[in-house]
S.K.: 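I'd like to ask some things about the structure below.
Fair warning: this is a prediction, and the values are worked out from it, not measured in the lab.
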Amino acid sequence: MADILPFRKPSLQEKHQGKTLCRHGHHKWEVDKAKQFDVKQGQLVTVYRCARCGQQKVKAH
């Protein structure tokens with residue numbers, strides 16, 4: 001006989017956790033160290049990635 005798994009619908013809080021903050025512009029920026037140098041402009045760049053939604057922003061120094 002197979003084990004019966006209880007299925008439940010995820011609550012709205014679990015479903016949309018962290019997305020409402022990013023939607024209103026409150027991202028959680030973290031430095032992405034994979035790409036630090038821009039070859040075309042020859043500048044050091046810092047790539048920031050949001051930990052919640054994955055959006056990127058780039059700053060050249």
S.K.: By side chain to side chain contact (heavy atoms under 4.5 Å, CB included), which residues pair with K59, not counting sequence neighbours?
M.R.: Y48, H61

S.K.: Do V31 and T46 make a side-chain contact, defined as non-hydrogen atoms from C-beta onward lying under 4.5 Å apart?
M.R.: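 Side-chain contact under 4.5 Å: yes.
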
S.K.: Mind checking the CZ-CD spacing from R52 to E30? Nearest 0.5 Å is all I need.
M.R.: 9.5 Å

S.K.: Using the side chain to side chain donor-acceptor pair (under 3.5 Å) criterion, which residues pair with Q55? Sequence neighbours excluded.
M.R.: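 Listed in chain order: H27.
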
S.K.: How long is the span from the CG atom in L21 to the SG atom in C50, to the nearest 0.5 Å?
M.R.: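 The CG atom of L21 sits 9.0 Å away from the SG atom of C50.
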
S.K.: Quick one: closest heavy-atom pair of K57 and W29, and the distance?
M.R.: NZ-NE1, 3.7 Å

S.K.: Answer yes or no: is there a side-chain heavy-atom contact under 4.5 Å between Q56 and R49?
M.R.: yes

